[in-house]
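What follows is a single structure, written as structure tokens, with notes after it.
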Amino acid sequence: MNKKNNPLSFTGLALALANDYNRIFVIDSEDDSYVEYTPAASESGKELVLASEGDDFYKDAIKNCREQVWPEDQEYFLNAFRKEAVVKALENGKSFSLTYRLNINGEPKYFFLKTIRSGNSNIIIGVQDIDEQKHRELEAEAEGRVYGEIAKSLASQYEVIYYIDVKTGRYTEYSSSDNYAEFGLHRSGENFFERLKIDIKRILHPDDQMRIMRALEKDELLSRIRSEGSLSIIYRHVLNGNVQYMNLFAYLQKKDTEHLILGVSNVDEQQKQEDAIAAYSQIAGALAQQYEVIYHVNTITNEYFEYTADKKYAKLKVFTKGKDFFAESQENMQHDIYPDDLPMMSLAMQKENLLKSLSDYGKIIFNYRLMLDGKPQFATLYAVRPKENPDHIIVAVANVDAAKRMELAYHDAVDMANRDPLTNVKNKRAYAQVEAELDKQIEEAEDLEGPEPPQFAIVVCDLNGLKQINDTHGHKAGDEFIRSACSIICRVFKNSPVFRIGGDEFAVLLNGSDHVQKQELMEQLIEELDKNRINSIKPIAVGVSEFNPKTDIRVQDVFERADKLMYADKVICKNDIKLK
């Protein structure tokens, strides 16, 4: 055939393609014979070098496909290169292209193929290696989906969230409110900032338009965010004649400065409450920045993406993209979790346990301590399964150390206010609080459908001879006598709260195991008092009474019985004094 005698005469168009393609096939449309060329550099530029030739391109394509094309793409490839399919695709001067994978050393590699007709007698096919480019596209697409799901999951606190490409202005809208759709804003578009100018004039209150227009001018907005970290603005929009306050919050992610995230939330109710006007901007900013790290986990493959907002959390040794979230989490927890919290977190973060908890409750929250900078810091883990994608979960970690320590300091302060400074047991104020709580439980138990009534007993203790010790030896000796007597009570009733309700009077609320072993503990107390007699007199008079749900309607009923029994015991002690 002529092509074989002078092959390059058929390849004028193929030579023009040499800069873009790695392989070029020239097929004779009359007999289906073909020649394969590879581009090569020469002094004059590019030239085509003969690589192979054959008598029947379509027959050889079947053979080569089985040997070289990645198994999953073979059927697709062969359907495209049936002769009748090629001829039909090239009718009327048309061309067609194909993206497929070749099996290169056991690994799939992406290639792009374009087929055109040269005149009436030849078909030219160019083959291009696009593996690196394709993988970049796939990774970008996957990351885009991940960002989308994260945005949708976080959008519950916003009417709408915009994800904006800073350079191109392309944007995508994620709306969680049907009301917001009434504005008629586009779900996606090419130039966010130009569209924004139109929408500001259309839907914002006239008094706010110029202020917001200036604040959201692209260069001004990005400048403020880069210098201040974020931007929060309150303004008014008008919908069907109704004016409502909205809050716009914008920030750039630290690991993705090419995309701007802008959220709009309805703050009308808060804004109209005078006390909330100044606080809301700070609250919105704090909520938007509350997560130090977010994981997007595929529960089928266990693969995950990590988005870190704080450099400290990068020390957790979890990479931006990982293969097994659950296995790596278990490994990292061994050195990142505070030892006392490790058993709980290790069990909770096992895949089957985590997924079951999400299935049962929809979302889960764990509070624990991380080791950061060599010291434990309080953190909160929040996990949720996106409704739009049940094969994935989103796990977010927030540093709540400052807030938790404030809470602990508050509880310590409350605890100090509820403690007796002399004996360090609870005081009369604490007893009144417990009494009120038990009275509420007793009242609720009276309802036929209410909970079971509480089970408890009260021990009332009164010191013997305190006045005589104070008068004879002084108040310092008296204080020591009070502490000594209190320590006896505390040693016996180890698992129940002890209250100093008067100068020389104590009460013990027996519950739990102490309530079950009430008789044994009372016998033990009597033995202790006999061992610690002062001038042959027991140091403490004691009375005990059990709560009876059939007759008692309040805690005071139980206390009064125990108090009477204590006074009876005190009479016996006084008689012992007289006898002496």
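In what follows, every heavy atom counts, from backbone to side chain, and hydrogens, waters and symmetry copies are set aside.
- A donor-acceptor pair under 3.5 Å links the side-chain atoms of Asp341 to the main chain of Arg369, judged by distance alone.
- Under the 3.5 Å distance criterion, the side-chain polar atoms of Glu220 are left unmatched by any main-chain donor or acceptor of Ala215.
- In Lys114, the NZ atom is not crowded: 12 or fewer heavy atoms of neighbouring residues, nucleotides or ligands sit closer than 6.0 Å.
- Side-chain contact check for Asn367 and Thr380: at least one donor-acceptor pair (N or O, by modelled atom type) lies under 3.5 Å.
- Under a cut-off of 6.0 angstrom, the local environment of CZ in Arg236 is crowded, with over 12 non-hydrogen atoms contributed by other residues, nucleotides or ligands.
- With no hydrogens or angles considered, no side-chain donor-acceptor pair links Asp360 and Ser357 at under 3.5 Å.
- From Glu190, atom CD reaches atom OG1 of Thr168 across 7.0 Å, with rounding to the nearest 0.5 Å.
- Within the 3.5 Å criterion, the main-chain N or O of Ser496 finds a donor-acceptor partner in the side chain of Asp514.
- Taking CG from Asn332 and CZ from Phe325, the interatomic distance works out to 9.5 Å, rounded to the nearest 0.5 Å.
- Inter-residue side-chain proximity for Lys134 and Arg136 is flagged as unmet; no heavy-atom pair is nearer than 4.5 Å.
- No side-chain donor from either of Arg500 and Asn427 sits under 3.5 Å from a side-chain acceptor of the other.
- Judged by distance alone, with hydrogens and angles left aside, the side-chain atoms of Asn353 form a donor-acceptor pair with the main-chain N or O of Leu347 at under 3.5 Å.
- Residues that satisfy the side-chain hydrogen bond (donor to acceptor under 3.5 Å, both in side chains) test with Lys363, not counting sequence neighbours, are absent from this structure.
- A ring-centre distance under 6.0 Å is found for His296 and His392.
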Would Asn418 and Gln433 count as a side chain to side chain donor-acceptor pair (under 3.5 Å) here? Give the steps.
CA-CA 9 Å; Asn418 286 338; Gln433 292 175 353; 3.3 Å; yes
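- Atom CG of residue Leu248 and atom CD1 of residue Ile212 lie 7.5 Å apart, to the nearest 0.5 angstrom.
- Put simply, the side chain of Ser230 never gets that close to the backbone of Tyr251: no donor and acceptor are under 3.5 Å apart.
- No donor-acceptor contact under 3.5 angstrom links the side chains of Asn103 and Gln68, judged on distance only.
- Looking only at side-chain heavy atoms (C-beta outward), Phe81 and Leu98 come within less than 4.5 Å of each other.
- A side-chain donor-acceptor contact under 3.5 Å links Ser227 to the backbone of Ser223.
- Of the possible polar contacts, none joining the Gln244 side chain to the Val238 backbone as a donor-acceptor pair under 3.5 Å is found.
- By the side-chain hydrogen bond (donor to acceptor under 3.5 Å, both in side chains) test, Glu443 pairs with no residue at all, sequence neighbours left out.
- Not a single donor-acceptor pair under 3.5 Å links the side chain of Asn247 to the backbone N or O of Val267.
- Put simply, the side chain of Asp208 never gets that close to the backbone of Tyr235: no donor and acceptor are under 3.5 Å apart.
- Ring pair Phe112/Tyr21 is parallel by interplanar angle, where below 30° counts as parallel and above 60° as perpendicular.
- Residues His335 and Met371 fail the side-chain proximity criterion, which asks for heavy atoms closer than 4.5 Å.
- Ring pair Tyr76/Tyr100: centre-to-centre distance not below 6.0 Å.
- Annotation: Glu452, atom CD; neighbour count of heavy atoms from other residues, nucleotides and ligands within 6.0 Å does not exceed 12.
- Note on Arg170 versus Asp165: no salt bridge recorded, every NZ/NE/NH1/NH2 to OD/OE distance being 4.0 Å or above.
- In this structure, the side chains of Arg385 and Thr299 come closer than 4.5 Å at one or more pairs of heavy atoms.
- With hydrogens and angles disregarded, no donor-acceptor distance shorter than 3.5 Å links the side chain of Gln350 to the backbone of Glu352.
- Residues Glu258 and Val166 are not in side-chain contact: their nearest non-hydrogen atoms beyond the backbone lie 4.5 Å or more apart.
- Leu260 contributes atom CG, which lies 5.0 Å from atom CD1 of Ile225 (distance to the nearest 0.5 angstrom).
- Using cut-offs of 30° and 60° for the angle between ring planes, the Tyr295 and Tyr304 rings count as perpendicular.
- Using a 4.5 Å heavy-atom threshold, the side chains of Met333 and Gln330 count as touching.
- When only modelled atom types and interatomic distance are considered, Glu137 and Gln133 share a side-chain donor-acceptor pair under 3.5 Å.
- Between Gln556 and Glu435, the closest side-chain pair of non-hydrogen atoms falls below 4.5 Å.
- With ring centers used as reference points, Tyr110 lies under 6.0 Å from His135.
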